[in-house]
Amino acid sequence: MPAGRLRHFILATFALVFLSACAPVSPAAGTTATPAPVSTASPMPAPSLTPTADLAALWIDPDLPAAFRDSLDLPEAVVVAQNRDLADYQITWQTADAAGADWVYALAAPFATLTDEVSSQSVRATWKGEAAEPFEGAGLMMTAETAAALRGLWGEFDPDSVRIVPAEELVDSAWANRPGWVIVPFEQLTPRLKVIQVDGLSPLDPELDVRQYPLTAVIGLTDGEGSPLAKTDLPIQWVGNRRPEHIARVFMTGTTAMVRHMALRMEEEGVLYPAEKIGSLLRSADVTHISNEVAFYSNCPPAKPLRGSLRFCTSPAYIQVLDAVGADVIELTGNHLLDWGADGISETLKLYEREGFQVYGGGWSLESARQPLKIEINGNQLAFIGCNPSGPEAVWVTAERPGAAPCDYDWMEAQIRDLRQAGYLPIVTIQHIEVYDYKPTSAQRVISERMARAGAALISGSQSHFPQGFAFVGDTLVHYGLGNTFFDQMDFGSSRGFLDRSVFYEGRLISTEVFTIRLEDYAQPRLMTPEERAALLEKVFTESGW
């Protein structure tokens with residue numbers, strides 16, 4: 001019997017049963033009927049055997065993601081059918097050009113992975129059991145739910161190449177089986193995984209056209225025979241698992257001090273010379289952090305001829321570089337901020353305020369220097385908090401002069417817990433004692449672990465002139481030192497550095513993209529070549545114990 005006729009048959013049967021229940025009951029033999037009371041109410045109209053609204057029977061594919069099924073808000077005119085064959089409509093996996101909800105997946109690997117990009121051809125070949133770089137001997141890991149989605153894109157998988165793993169074990173399995181390649185739904189990404197670009201495309205990019213991305217599956221509507229329908233055929237709100245308007249990207253950078261050789265080259269080549277090769281990259285984030293370690297000071301001696309002094313200051317004209325790289329947040333924990341006294345730091349704070357930069361980790365008073373900087377980006381509540389434990393003591397803020405915030409770790413730990421409770425994701429930066437080593441000091445390790453366990457979402461060492469390693473405390477990423485961003489050190493170690501672009505989504509840190517830079521001409525950082533990048537990452541990951 002067709003589904004529509006079945007529905008009418010069920011409704012008609014219900015109506016007949018209802019009428020029978022309303023009919024008067026004859027008295028049993030040998031009894032006397034009691035006269036019914038006379039009713040003055042209007043007689044109840046007999047129910048119609050024709051339904052007033054035609055209900056649509058809808059079958060929902062049980063292989064669809066639980067997150068989609070839980071979020072589905074069906075109109076009142078729809079009833080859920082348990083039998084696919086009796087449904088008027090079906091919601092199931094569709095072809096990539098169908099209307100409906102986009103369900104985006106990410107190819108990922110342990111954070112300590114050198115590979116940045118693979119081809120979709122290699123991914124599909126591995127799915128089918130064919131040898132393809134870089135998956136040979138490793139294959140792909142995913143949940144059964146993810147495999148069901150990809151089956152709609154690529155057909156059946158080879159069980160020797162695709163391993164089904166419970167969701168709660170997937171990340172640990174990837175790390176335990178390095179190189180461990182996994183495919184996960186976008187919203188289930190975690191900082192311990194590195195997102196791998198596929199055909200040069202990344203789901204972390206808010207501007208991504210997901211219909212051009214090879215790991216997008218589509219959930220759509222069909223008729224009872226399985227033929228695709230437009231999403232307007234039923235008034236259903238189609239919601240995917242990746243909403244770009246909920247993505248917030250934050251760039252964390254290392255040491256900036258536009259002095260000495262860098263200042264000289266800026267005078268010769270133009271003020272914006274340092275920003276020419278990485279400016280557009282830094283502008284790509286919603287929030288760009290700069291740890292400027294020195295004061296902007298009108299009475300700063302001219303950069304040309306070259307000044308080799310370790311007493312640093314910067315011409316106020318150089319603030320154009322911060323504008324050029326899209327800086328939003330300036331960290332004030334640097335140990336050279338008061339090299340030219342209270343006048344220099346006072347002028348700097350006024351300049352930042354006038355130019356619209358937000359600051360933290362230092363200020364006019366101890367209270368303002370300790371105050372977390374709270375920012376909301378696309379629904380993600382972030383809070384920057386930082387301090388300087390290394391001094392010198394003369395740089396710390398006092399009742400008489402502005403300066404950097406000294407560290408009180410009991411206070412900071414309490415602040416982090418309070419921020420977490422209020423719904424903020426704390427980004428913690430600390431101006432540790434400088435060491436020219438990939439490995440952190442024991443103090444860096446202990447303090448970072450303490451702040452992570454208090455609830456920090458991300459921890460970044462802002463002191464380092466040398467690229468240092470990483471660690472995870474739970475899901476909290478710790479980068480002990482990013483190295484120099486804008487500084488003139490040209491020796492092999494200090495000429496290399498990191499730029500970390502962290503991605504937040506719906507109130508959670510889901511990934512951090514690590515960019516590698518190298519200084520040229522004492523003044524101009526550039527992105528590393530693939531060979532330079534691989535060499536640095538391999539060294540740093542090894543020194544991180546990975």
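Being a predicted model, the structure only gives us computed values, none of them experimental.
- Residues D323 and F357 meet the side-chain proximity criterion, which asks for heavy atoms closer than 4.5 Å.
- The six-membered or imidazole ring of W103 lies away from that of W93, with a centre-to-centre distance of 6.0 Å or more.
- The closest side-chain heavy-atom distance from V198 to L215 is below 4.5 Å.
- Under the 30°/60° scheme for interplanar angles, the aromatic rings of F68 and W238 are found to lie parallel.
- For Q237, the CD atom counts as loosely surrounded, since its 6.0 Å shell holds 12 or fewer non-hydrogen atoms of other residues, nucleotides or ligands.
- For D73, the CG atom sits in a loose shell: 12 or fewer heavy atoms of surrounding residues, nucleotides or ligands are nearer than 6.0 Å.
- Looking at S202 and L208, their side chains never come closer than 4.5 Å, going by heavy atoms from C-beta outward.
- T512 and S502 share a side-chain donor-acceptor pair at under 3.5 Å.
- Within 6.0 Å of atom CD in E76, 12 or fewer heavy atoms from other residues, nucleotides or ligands are found, so the atom counts as exposed in its surroundings.
- Inspection of the N378 and E245 side chains reveals no N or O donor paired with an N or O acceptor under 3.5 Å.
- The six-membered or imidazole ring of F251 lies away from that of H289, with a centre-to-centre distance of 6.0 Å or more.
- Panel note: side chain R508, backbone E187; a donor-acceptor pair is recorded below 3.5 Å.
- Between R211 and D102, at least one side-chain nitrogen of the basic residue sits less than 4.0 Å from a carboxylate oxygen of the acidic one, meeting the salt-bridge criterion.
- Figure legend: K374 and Y424 shown as a cation-pi pair, the cationic atom lying under 6.0 angstrom from the six-membered ring centre and within 45 degrees of its axis.
- Atom CD of E117 has more than 12 heavy atoms from other residues, nucleotides or ligands within 6.0 Å.
- Contact check for E168 versus D172: no side-chain heavy atoms found under the 4.5 Å cut-off.
- Between S120 and D199, the side chains place a donor N or O and an acceptor N or O closer than 3.5 Å (distance only, hydrogens not considered).
- Side chains of Y360 and E331: a donor on one and an acceptor on the other come within 3.5 Å.
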Inset, instruction - Could you go through the side-chain contact (heavy atoms from CB on, under 4.5 Å) check for D209 and L201 one step at a time? - result: CA-CA 9 Å; D209 180 352; L201 302 175; over 6 Å; no

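- Centroid-to-centroid, the aromatic rings of Y438 and Y480 stay 6.0 Å apart or farther.
- For F111 and F470, the ring centers are positioned less than 6.0 Å apart.
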